[in-house]
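First the structure, in the form of C-alpha coordinates, and then the observations on it.
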2 protein chains.
Amino acid sequence: MQSQKQYIYSVILHAPPHITAAQLLQLCRREKADLAMGTVYRNLSALCEEGKLRCIETPGIPAIYDTTLTPHEHIICRRCGSVRDVQLPFALDSLLTEAAGEELTDYSLTMGCICPSCRARAENEK
Amino acid sequence: MQSQKQYIYSVILHAPPHITAAQLLQLCRREKADLAMGTVYRNLSALCEEGKLRCIETPGIPAIYDTTLTPHEHIICRRCGSVRDVQLPFALDSLLTEAAGEELTDYSLTMGCICPSCRARAENEK
DNA sequence: TTTTGTGCAAACTATTTGCAAACCG
DNA sequence: CGGTTTGCAAATAGTTTGCACAAAA
(Lines give C-alpha, C1' and ligand atoms only; values in the text may rest on other atoms or scores of the structure.)
Protein backbone atom coordinates (compact mmCIF):
# COMPACT_ATOMS: atom_id res chain seq x y z
CA MET A 1 0.00 0.00 0.00
CA GLN A 2 1.14 3.51 -0.84
CA SER A 3 2.35 5.34 2.22
CA GLN A 4 0.08 8.02 3.59
CA LYS A 5 2.86 10.53 3.15
CA GLN A 6 3.04 10.00 -0.58
CA TYR A 7 -0.70 10.07 -0.82
CA ILE A 8 -1.00 13.29 1.17
CA TYR A 9 1.71 14.87 -0.94
CA SER A 10 -0.02 13.93 -4.17
CA VAL A 11 -3.30 15.35 -2.94
CA ILE A 12 -1.81 18.66 -1.85
CA LEU A 13 -0.07 19.06 -5.19
CA HIS A 14 -3.42 19.00 -6.94
CA ALA A 15 -5.28 21.05 -4.36
CA PRO A 16 -5.68 24.83 -4.23
CA PRO A 17 -2.30 26.48 -3.66
CA HIS A 18 -2.97 27.45 -0.04
CA ILE A 19 -4.63 24.92 2.16
CA THR A 20 -4.98 24.19 5.85
CA ALA A 21 -4.45 20.80 7.45
CA ALA A 22 -8.17 20.46 8.13
CA GLN A 23 -9.11 21.28 4.54
CA LEU A 24 -6.54 18.83 3.28
CA LEU A 25 -7.89 16.14 5.59
CA GLN A 26 -11.36 16.67 4.13
CA LEU A 27 -10.02 16.33 0.60
CA CYS A 28 -8.09 13.19 1.45
CA ARG A 29 -11.03 11.61 3.18
CA ARG A 30 -13.04 11.55 -0.01
CA GLU A 31 -10.80 8.67 -1.05
CA LYS A 32 -9.47 7.46 2.27
CA ALA A 33 -12.19 7.83 4.81
CA ASP A 34 -10.17 6.66 7.78
CA LEU A 35 -7.20 8.97 7.43
CA ALA A 36 -6.42 10.53 10.80
CA MET A 37 -5.78 14.18 11.57
CA GLY A 38 -2.61 13.25 13.42
CA THR A 39 -1.28 11.50 10.35
CA VAL A 40 -1.92 14.58 8.23
CA TYR A 41 -0.05 16.82 10.65
CA ARG A 42 2.81 14.37 11.05
CA ASN A 43 3.31 14.00 7.34
CA LEU A 44 2.89 17.67 6.54
CA SER A 45 5.61 18.43 9.06
CA ALA A 46 7.84 15.79 7.53
CA LEU A 47 7.27 17.16 4.03
CA CYS A 48 8.14 20.65 5.28
CA GLU A 49 11.35 19.40 6.80
CA GLU A 50 12.23 17.72 3.53
CA GLY A 51 11.71 21.08 1.87
CA LYS A 52 8.83 19.93 -0.29
CA LEU A 53 6.32 22.27 1.32
CA ARG A 54 6.27 25.57 3.11
CA CYS A 55 4.20 26.09 6.18
CA ILE A 56 2.89 29.60 6.76
CA GLU A 57 1.97 30.21 10.36
CA THR A 58 0.00 33.33 11.14
CA PRO A 59 -1.27 34.34 14.57
CA GLY A 60 -4.90 33.52 15.16
CA ILE A 61 -5.52 31.41 12.11
CA PRO A 62 -4.70 27.81 11.23
CA ALA A 63 -1.39 27.22 9.47
CA ILE A 64 -1.45 27.25 5.71
CA TYR A 65 0.59 24.83 3.63
CA ASP A 66 2.03 26.11 0.41
CA THR A 67 3.59 24.13 -2.44
CA THR A 68 5.26 27.20 -3.93
CA LEU A 69 8.84 27.09 -2.75
CA THR A 70 10.26 30.26 -4.27
CA PRO A 71 10.51 33.23 -1.88
CA HIS A 72 7.33 35.21 -1.55
CA GLU A 73 5.08 36.66 1.12
CA HIS A 74 1.38 36.32 1.83
CA ILE A 75 -1.58 38.60 2.10
CA ILE A 76 -4.74 37.31 3.67
CA CYS A 77 -8.24 38.72 3.56
CA ARG A 78 -9.41 39.36 7.11
CA ARG A 79 -12.99 38.83 6.08
CA CYS A 80 -13.06 35.68 3.94
CA GLY A 81 -9.64 34.25 4.75
CA SER A 82 -8.48 33.93 1.16
CA VAL A 83 -4.71 34.00 0.69
CA ARG A 84 -2.74 35.52 -2.14
CA ASP A 85 0.98 35.44 -2.87
CA VAL A 86 2.89 38.70 -2.97
CA GLN A 87 6.24 39.08 -4.66
CA LEU A 88 8.34 41.70 -3.00
CA PRO A 89 10.55 43.67 -5.40
CA PHE A 90 13.38 43.66 -2.87
CA ALA A 91 15.13 41.14 -0.64
CA LEU A 92 13.32 41.56 2.63
CA ASP A 93 15.53 39.18 4.57
CA SER A 94 18.66 41.17 3.74
CA LEU A 95 17.00 44.41 4.75
CA LEU A 96 15.84 42.88 8.00
CA THR A 97 19.18 41.30 8.77
CA GLU A 98 20.88 44.61 8.25
CA ALA A 99 18.37 46.50 10.39
CA ALA A 100 18.56 43.91 13.15
CA GLY A 101 22.35 43.99 13.10
CA GLU A 102 22.55 40.26 13.56
CA GLU A 103 21.92 37.02 11.76
CA LEU A 104 18.28 35.94 11.53
CA THR A 105 17.27 32.33 11.95
CA ASP A 106 13.92 33.11 10.37
CA TYR A 107 11.26 35.72 10.00
CA SER A 108 7.53 35.55 9.63
CA LEU A 109 5.51 38.13 7.77
CA THR A 110 1.83 38.17 6.94
CA MET A 111 -0.15 41.06 5.56
CA GLY A 112 -3.86 41.55 6.14
CA CYS A 113 -6.39 43.21 3.85
CA ILE A 114 -10.01 43.23 2.79
CA CYS A 115 -9.88 41.62 -0.61
CA PRO A 116 -11.54 43.25 -3.64
CA SER A 117 -14.55 40.94 -3.66
CA CYS A 118 -15.19 41.35 0.05
CA ARG A 119 -14.84 45.08 -0.38
CA ALA A 120 -17.36 45.02 -3.23
CA ARG A 121 -19.77 42.98 -1.16
CA ALA A 122 -19.42 45.48 1.68
CA GLU A 123 -20.23 48.30 -0.74
CA ASN A 124 -23.41 46.55 -1.84
CA GLU A 125 -24.60 46.10 1.69
CA LYS A 126 -24.46 49.79 2.43
CA MET B 1 -11.53 50.14 44.98
CA GLN B 2 -9.31 50.89 42.02
CA SER B 3 -10.42 49.05 38.93
CA GLN B 4 -8.38 46.05 37.92
CA LYS B 5 -7.77 47.66 34.58
CA GLN B 6 -6.02 50.64 36.10
CA TYR B 7 -4.07 48.38 38.37
CA ILE B 8 -2.98 46.10 35.53
CA TYR B 9 -1.97 49.10 33.47
CA SER B 10 0.13 50.54 36.27
CA VAL B 11 1.88 47.23 36.79
CA ILE B 12 2.71 46.74 33.14
CA LEU B 13 4.12 50.25 32.91
CA HIS B 14 6.70 49.39 35.54
CA ALA B 15 7.39 45.90 34.29
CA PRO B 16 9.98 44.79 31.72
CA PRO B 17 9.13 46.25 28.33
CA HIS B 18 7.95 42.99 26.79
CA ILE B 19 5.79 40.76 28.87
CA THR B 20 3.31 37.95 28.41
CA ALA B 21 -0.11 37.78 30.02
CA ALA B 22 1.04 34.93 32.25
CA GLN B 23 4.12 36.82 33.44
CA LEU B 24 2.04 39.87 34.12
CA LEU B 25 -0.44 37.81 36.11
CA GLN B 26 2.38 36.54 38.28
CA LEU B 27 3.60 40.09 38.91
CA CYS B 28 0.12 41.32 39.76
CA ARG B 29 -0.57 38.43 42.09
CA ARG B 30 2.23 39.52 44.41
CA GLU B 31 -0.13 42.26 45.50
CA LYS B 32 -3.48 40.90 44.47
CA ALA B 33 -3.46 37.18 44.99
CA ASP B 34 -6.92 36.55 43.63
CA LEU B 35 -6.60 38.30 40.31
CA ALA B 36 -7.91 36.01 37.58
CA MET B 37 -6.26 35.15 34.30
CA GLY B 38 -9.44 36.00 32.43
CA THR B 39 -9.43 39.47 33.93
CA VAL B 40 -5.86 40.01 32.79
CA TYR B 41 -6.68 39.01 29.24
CA ARG B 42 -9.87 41.04 29.16
CA ASN B 43 -8.18 44.18 30.38
CA LEU B 44 -5.10 43.79 28.24
CA SER B 45 -7.37 43.53 25.20
CA ALA B 46 -9.26 46.61 26.29
CA LEU B 47 -6.04 48.56 26.80
CA CYS B 48 -4.88 47.54 23.34
CA GLU B 49 -8.12 48.75 21.82
CA GLU B 50 -7.72 52.04 23.61
CA GLY B 51 -4.30 52.29 22.02
CA LYS B 52 -2.43 52.23 25.31
CA LEU B 53 -0.66 48.98 24.57
CA ARG B 54 0.47 47.00 21.59
CA CYS B 55 -0.01 43.28 21.41
CA ILE B 56 2.58 41.33 19.44
CA GLU B 57 1.30 37.97 18.36
CA THR B 58 3.80 35.53 16.95
CA PRO B 59 3.06 31.99 15.84
CA GLY B 60 3.93 29.35 18.40
CA ILE B 61 4.64 31.63 21.33
CA PRO B 62 2.38 33.47 23.78
CA ALA B 63 1.44 37.02 22.83
CA ILE B 64 3.72 39.76 24.11
CA TYR B 65 2.39 43.07 25.35
CA ASP B 66 4.44 46.14 24.64
CA THR B 67 4.08 49.62 26.10
CA THR B 68 6.18 51.21 23.36
CA LEU B 69 3.71 52.70 20.93
CA THR B 70 6.02 54.13 18.27
CA PRO B 71 6.44 51.97 15.17
CA HIS B 72 9.05 49.28 15.50
CA GLU B 73 9.48 45.59 14.89
CA HIS B 74 10.59 42.71 17.09
CA ILE B 75 13.33 40.14 17.08
CA ILE B 76 13.07 37.18 19.38
CA CYS B 77 15.72 34.71 20.44
CA ARG B 78 14.58 31.23 19.48
CA ARG B 79 16.54 29.73 22.33
CA CYS B 80 15.78 31.88 25.39
CA GLY B 81 12.74 33.79 24.15
CA SER B 82 14.11 37.24 24.90
CA VAL B 83 12.64 40.02 22.78
CA ARG B 84 14.36 43.09 21.44
CA ASP B 85 12.97 46.07 19.54
CA VAL B 86 14.26 46.76 16.06
CA GLN B 87 13.90 50.12 14.36
CA LEU B 88 13.66 49.77 10.62
CA PRO B 89 15.31 52.61 8.71
CA PHE B 90 12.48 52.60 6.18
CA ALA B 91 8.69 52.59 6.24
CA LEU B 92 7.88 48.92 5.91
CA ASP B 93 4.15 49.41 5.70
CA SER B 94 4.44 51.68 2.65
CA LEU B 95 6.75 49.23 0.93
CA LEU B 96 4.37 46.38 1.66
CA THR B 97 1.29 48.30 0.57
CA GLU B 98 2.95 49.15 -2.69
CA ALA B 99 4.12 45.59 -3.29
CA ALA B 100 0.70 44.18 -2.45
CA GLY B 101 -1.02 46.68 -4.72
CA GLU B 102 -3.81 47.19 -2.24
CA GLU B 103 -4.56 48.71 1.12
CA LEU B 104 -3.38 46.71 4.13
CA THR B 105 -5.51 46.42 7.23
CA ASP B 106 -2.46 45.24 9.17
CA TYR B 107 0.70 43.26 8.93
CA SER B 108 2.55 41.09 11.37
CA LEU B 109 6.29 40.66 11.31
CA THR B 110 8.57 38.88 13.73
CA MET B 111 12.21 38.07 13.26
CA GLY B 112 13.96 35.15 14.92
CA CYS B 113 17.59 34.87 15.96
CA ILE B 114 19.95 33.28 18.43
CA CYS B 115 20.85 36.17 20.69
CA PRO B 116 24.49 36.99 21.51
CA SER B 117 24.42 35.49 24.99
CA CYS B 118 22.79 32.27 23.82
CA ARG B 119 25.32 32.10 21.02
CA ALA B 120 28.15 32.55 23.50
CA ARG B 121 26.75 29.85 25.72
CA ALA B 122 26.53 27.52 22.74
CA GLU B 123 30.19 28.23 21.96
CA ASN B 124 31.22 27.28 25.46
CA GLU B 125 29.40 23.99 25.34
CA LYS B 126 31.30 22.84 22.28
C1' DT C 1 -31.72 49.31 40.21
C1' DT C 2 -29.55 49.00 35.94
C1' DT C 3 -25.13 48.52 34.26
C1' DT C 4 -20.42 47.11 34.46
C1' DG C 5 -16.53 44.43 36.23
C1' DT C 6 -14.72 40.20 38.28
C1' DG C 7 -13.41 35.34 39.64
C1' DC C 8 -13.97 30.91 38.41
C1' DA C 9 -14.33 27.15 35.63
C1' DA C 10 -15.38 25.30 31.46
C1' DA C 11 -14.98 25.73 26.47
C1' DC C 12 -12.43 26.38 22.39
C1' DT C 13 -8.98 25.84 18.54
C1' DA C 14 -5.08 24.21 16.51
C1' DT C 15 -1.71 21.13 17.11
C1' DT C 16 1.06 17.44 19.34
C1' DT C 17 1.83 13.14 21.54
C1' DG C 18 1.56 8.28 23.72
C1' DC C 19 0.34 4.05 22.68
C1' DA C 20 -1.11 -0.29 20.83
C1' DA C 21 -2.15 -2.33 16.65
C1' DA C 22 -0.97 -2.68 11.67
C1' DC C 23 2.23 -2.73 8.16
C1' DC C 24 6.65 -3.41 5.59
C1' DG C 25 10.87 -5.20 4.41
C1' DC D 1 11.18 -10.61 13.36
C1' DG D 2 12.21 -5.43 14.20
C1' DG D 3 11.70 -0.88 12.81
C1' DT D 4 8.39 2.38 11.00
C1' DT D 5 3.78 4.19 10.21
C1' DT D 6 -0.89 4.63 11.44
C1' DG D 7 -5.44 5.57 13.85
C1' DC D 8 -7.26 6.88 17.86
C1' DA D 9 -7.87 9.37 21.84
C1' DA D 10 -6.14 12.14 25.16
C1' DA D 11 -3.09 15.92 26.24
C1' DT D 12 -1.39 20.46 25.52
C1' DA D 13 -1.16 25.61 25.33
C1' DG D 14 -2.90 29.92 24.92
C1' DT D 15 -6.83 32.37 24.95
C1' DT D 16 -11.84 33.24 25.25
C1' DT D 17 -16.35 32.92 27.20
C1' DG D 18 -20.67 32.01 30.13
C1' DC D 19 -22.29 32.75 34.29
C1' DA D 20 -23.49 34.10 38.91
C1' DC D 21 -22.17 37.36 42.01
C1' DA D 22 -20.17 41.71 43.53
C1' DA D 23 -19.29 46.56 42.81
C1' DA D 24 -20.34 50.90 41.04
C1' DA D 25 -23.11 54.45 39.25
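Below, chains carry the letters A, B, ... as their sequence lines are ordered, and counting in each starts from 1. FYI, side chains are in, hydrogens and waters are out, and symmetry mates aren't considered; it's all heavy atoms of this structure.
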Item checked: Contact list for residues 107-120 of chain A, test side chain to side chain donor-acceptor pair (under 3.5 Å), sequence neighbours left out -> Thr58(A)-Thr110(A), Glu73(A)-Tyr107(A)

Checklist line | Positions of residues 49-63 of chain B (non-hydrogen atom under 4.0 Å from DNA chain C), listed by number | finding: none

Throw together a table of side-chain donor-acceptor distances under 3.5 angstrom for residues 45-53 of chain B, partners on residues two or more places apart or in other chains.
from     : atom 1 : to       : atom 2 : distance (Å)
Ser45(B) : OG     : Tyr41(B) : O      : 2.9
Glu50(B) : OE1    : Lys52(B) : NZ     : 3.3
Glu50(B) : OE2    : Lys5(B)  : NZ     : 2.4

Check: Could you give the NZ-to-P distance, from Lys32(B) to dG5(C), as a whole number of Å?
Finding: 15 Å

Notebook entry, point to check: When you measure from every atom of DNA chain D, which of residues 34-48 of chain A have a heavy atom less than 4.0 Å away?
Noted result: Asp34(A), Leu35(A), Ala36(A), Thr39(A), Arg42(A), Asn43(A)

Check: Which salt bridge (Lys or Arg N to Asp or Glu O under 4.0 Å) pairs, counting each pair once, include a residue from residues 105-114 of chain A, with sequence neighbours left out?
Finding: Asp106(A)-Arg78(B)

Next item on the list: Nearest 0.5 Å please: distance from the CG atom of Leu92(A) over to the CG atom of Leu95(B).
Entry: 9.0 Å

Next item on the list: Provide, to the nearest angstrom, the distance between the CD1 atom belonging to Ile19(A) and the P atom belonging to dA14(C).
Entry: 15 Å

Taking only distance into account, with no hydrogens and no angle test, what donor-acceptor pairs under 3.5 Å do side-chain atoms of residues 18-27 of chain B form with protein atoms, sequence neighbours excluded?
from     : atom 1 : to       : atom 2 : distance (Å)
His18(B) : NE2    : Asp66(B) : OD2    : 3.4
His18(B) : NE2    : Asp85(B) : OD1    : 2.7
Thr20(B) : OG1    : Gln23(B) : N      : 3.1
Thr20(B) : OG1    : Gln23(B) : OE1    : 3.4
Gln23(B) : OE1    : Thr20(B) : N      : 2.9

Margin query: How many whole angstroms separate atom CG of Leu24(B) from atom P of dG14(D)?
Written below: 15 Å

Check: Taking Thr97(B) for the side chain and Asp93(B) for the main chain, is one N or O donor matched with an acceptor at less than 3.5 Å?
Finding: yes

Notebook entry, point to check: Does Gln4(B) have a side-chain nitrogen or oxygen under 4.0 Å from the phosphate oxygens OP1 or OP2 of dA23(D)?
Noted result: no

Margin query: Rounded to whole Å, please give me the gap between CG in Leu25(A) and P in dC8(D).
Written below: 11 Å

Checklist line | Between P of dA14(C) and CD of Gln23(A), the distance in whole Å | finding: 11 Å

Check: Thr105(B) side chain to Gly112(A) main-chain N or O, any donor-acceptor pair under 3.5 Å?
Finding: yes

Notebook entry, point to check: Out of curiosity, Tyr9(B) OH to Asn43(B) CG, how far, rounded to the nearest 0.5 Å?
Noted result: 13.0 Å

